[in-house]
Amino acid sequence: MHTRYNPYGAWLRNYFGARVYKVSVDGGFTCPNRDGTVARGGCTYCNNDSFRAAGVSARDSIEEQVRKGISFLSRRYQAEKFLVYWQHYTNTYAPVELLRELFTRSLQADPRIVGLSIGTRADCVEDEKLDMLQALAQDYFVSLEYGLESIFDSTLVRLNRGHDRACFEDAVRRTSERGLPICTHVIIGFPWETRDEMLSYSDYLNDLPITFLKIHHLHIVRNTALGREYLANPFPTFGYREWIEFVCDFLERLSPAIVIQRLYGWAPEHDLIAPKWDKSKAEILRDIERELERRNSWQGKAIAGQSASATTQMA
């Protein structure tokens with residue numbers, strides 16, 4: 001199906017020549033802003049169980065988690081190849097030798113595995129860990145996923161994020177220098193950020209050496225500090241049509257070279273406090289496509305327009 005943005009599924013198929021799916025695993029890690037190294041309590045918005053893949057548990061060995069995931073994805077989606085997705089908590093927050101062992105075991109758990117997608121924090125990727133991942137990348141696809149969340153340091157402080165934007169930029173630079181593809185994760189909709197500030201995320205991201213992007217609208221989940229704050233004193237969150245229009249505005253300003261892995265936030269109904277849209281994932285993507293079509297627009301259109309204007313002025 002033709003899309004008006006650069007979708008991850010098509011990128012995977014083109015890159016690997018097959019239908020590729022992520023297999024989520026839980027390595028039993030924690031985070032430095034949970035265990036007291038940086039802070040306690042974690043990020044104010046984060047309930048890790050609210051985005052845990054069904055059936056994934058650190059009680060099972062890595063090999064068993066991979067086998068279960070591949071069995072399910074093969075049956076349901078006719079997947080042919082797989083990336084092991086280290087999703088839960090901070091997946092480089094351990095000694096480098098332990099990380100090498102766990103990552104290698106996951107890669108060797110099934111011959112259909114073609115690589116790793118590793119979710120982590122910018123303050124947990126020391127050079128020795130990046131060097132280890134660069135070595136694995138000689139034989140496998142290895143991508144790092146960094147949660148930036150906000151481009152504003154004042155917001156990062158309010159979220160108890162535990163690092164600033166400069167730390168993120170340093171991690172991106174060192175990762176890019178090693179040739180490892182980078183996915184960045186941002187959350188849009190913090191009530192103290194203006195709409196213009198939210199749209200400016202796209203301008204910032206365009207200047208980074210990133211390959212992939214996940215865009216989440218702010219959704220409030222239970223058992224979080226932000227959830228308790230919302231229940232005590234509710235604040236505005238994106239309405240459904242408002243998000244559809246906003247994310248299309250955002251895409252218009254985003255470089256078409258950036259591959260989109262996600263265009264919305266998601267949480268199970270029993271964890272979600274707000275906003276409640278009562279829409280399926282397919283409906284959200286369909287309505288984004290329809291809005292772009294209605295506008296006769298696409299990812300990067302505003303940038304293309306600016307380039308054309310600048311060229312005309314120079315002529």
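As the structure is a prediction and not an experimental result, all values here were calculated from the model.
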With no hydrogens and no angle check, is any side-chain donor or acceptor of [X] less than 3.5 Å from a backbone partner on [Y]?
| X | Y | result |
| --- | --- | --- |
| Thr104 | Glu101 | no |
| Asn160 | Gly42 | yes |
| Glu293 | Arg290 | no |
| Arg121 | Arg161 | yes |
| Glu169 | Ala166 | no |
| Lys301 | Asn296 | yes |
| Arg262 | Ile215 | no |
| Ser176 | Val172 | no |
| Asn206 | Ser255 | yes |
| His185 | Glu149 | no |

Under a 3.5 Å cutoff, is there a donor and acceptor pairing between the side chains of [X] and [Y]?
| X | Y | value |
| --- | --- | --- |
| Thr120 | Glu145 | no |
| Ser71 | Arg75 | yes |
| Tyr230 | Thr224 | no |
| Ser117 | Trp86 | no |
| Thr194 | Asp196 | no |

Review point. Does the cation-pi check pass for Arg13 over Tyr15, that is, NZ or CZ under 6.0 Å from the six-membered ring centre and within 45° of its axis?
Key: no
**Study point:** Geometric cation-pi criterion, Lys22 with Phe82: 6.0 Å, 45°
**Key:** no
Exercise for review: Please say whether more than 12 non-hydrogen atoms of neighbouring residues, nucleotides or ligands are located less than 6.0 Å from CG in Asp278.
Suggested key: no
Heavy-atom closest contact ([X] atom, [Y] atom, distance):
| X | Y | value |
| --- | --- | --- |
| Thr237 | Pro275 | OG1-CB, 3.5 Å |
| Gly69 | Val23 | CA-CG1, 3.8 Å |
| Leu205 | Thr184 | CD2-CG2, 4.0 Å |
| Asn6 | Ala257 | ND2-O, 3.7 Å |
| His163 | Gly147 | NE2-O, 3.9 Å |

At what distance, to the nearest 0.5 angstrom, does [atom1] of [X] lie from [atom2] of [Y]?
| X | Y | atom1 | atom2 | value |
| --- | --- | --- | --- | --- |
| Asp153 | Ile151 | CG | CD1 | 10.0 Å |
| Lys68 | Gln65 | NZ | CD | 8.0 Å |
| Trp266 | His216 | CH2 | NE2 | 11.5 Å |
| Leu130 | Thr92 | CG | OG1 | 8.0 Å |

Point to revise | Distance flag, aromatic centroids of Phe250 and Tyr201, threshold under 6.0 Å | key: no
**Study point:** Phe29 ring center within less than 6.0 Å of Tyr93 ring center
**Key:** no
Exercise for review: Apply salt bridge (charged side-chain N to carboxylate O under 4.0 Å, His left out) to the pair Arg195 and Asp249, showing each step before the final yes or no.
Suggested key: CA-CA 11 Å; Arg195 193 176 193 279; Asp249 291 343; 2.6 Å; yes
Salt bridge flag under 4.0 Å for residues [X] and [Y]:
| X | Y | answer |
| --- | --- | --- |
| Arg294 | Glu291 | yes |
| Arg112 | Glu80 | no |
| Arg173 | Glu177 | yes |
| Arg253 | Asp203 | yes |

Mutual orientation of the aromatic rings belonging to [X] and [Y] [parallel < 30°, tilted 30-60°, perpendicular > 60°]:
| X | Y | value |
| --- | --- | --- |
| Phe168 | Tyr204 | tilted |
| Trp11 | Tyr8 | parallel |
| Tyr77 | Phe72 | perpendicular |

Review point. Can Ile258 be reached from Ile288 by stepping across I, L, V, M, F, W or Y side chains whose heavy atoms are under 4.5 Å apart?
Key: yes
Exercise for review: Give the intermediate values and the outcome of ring pair (Phe, Tyr, Trp, His ring centres under 6.0 Å) for residues Trp277 and His217.
Suggested key: CA-CA 12 Å; Trp277 292 342; His217 70 283; 4.1 Å; yes
**Study point:** Positive for salt bridge (Lys or Arg N to Asp or Glu O under 4.0 Å) with Asp131, one of Arg100, Arg178, Arg174
**Key:** Arg178
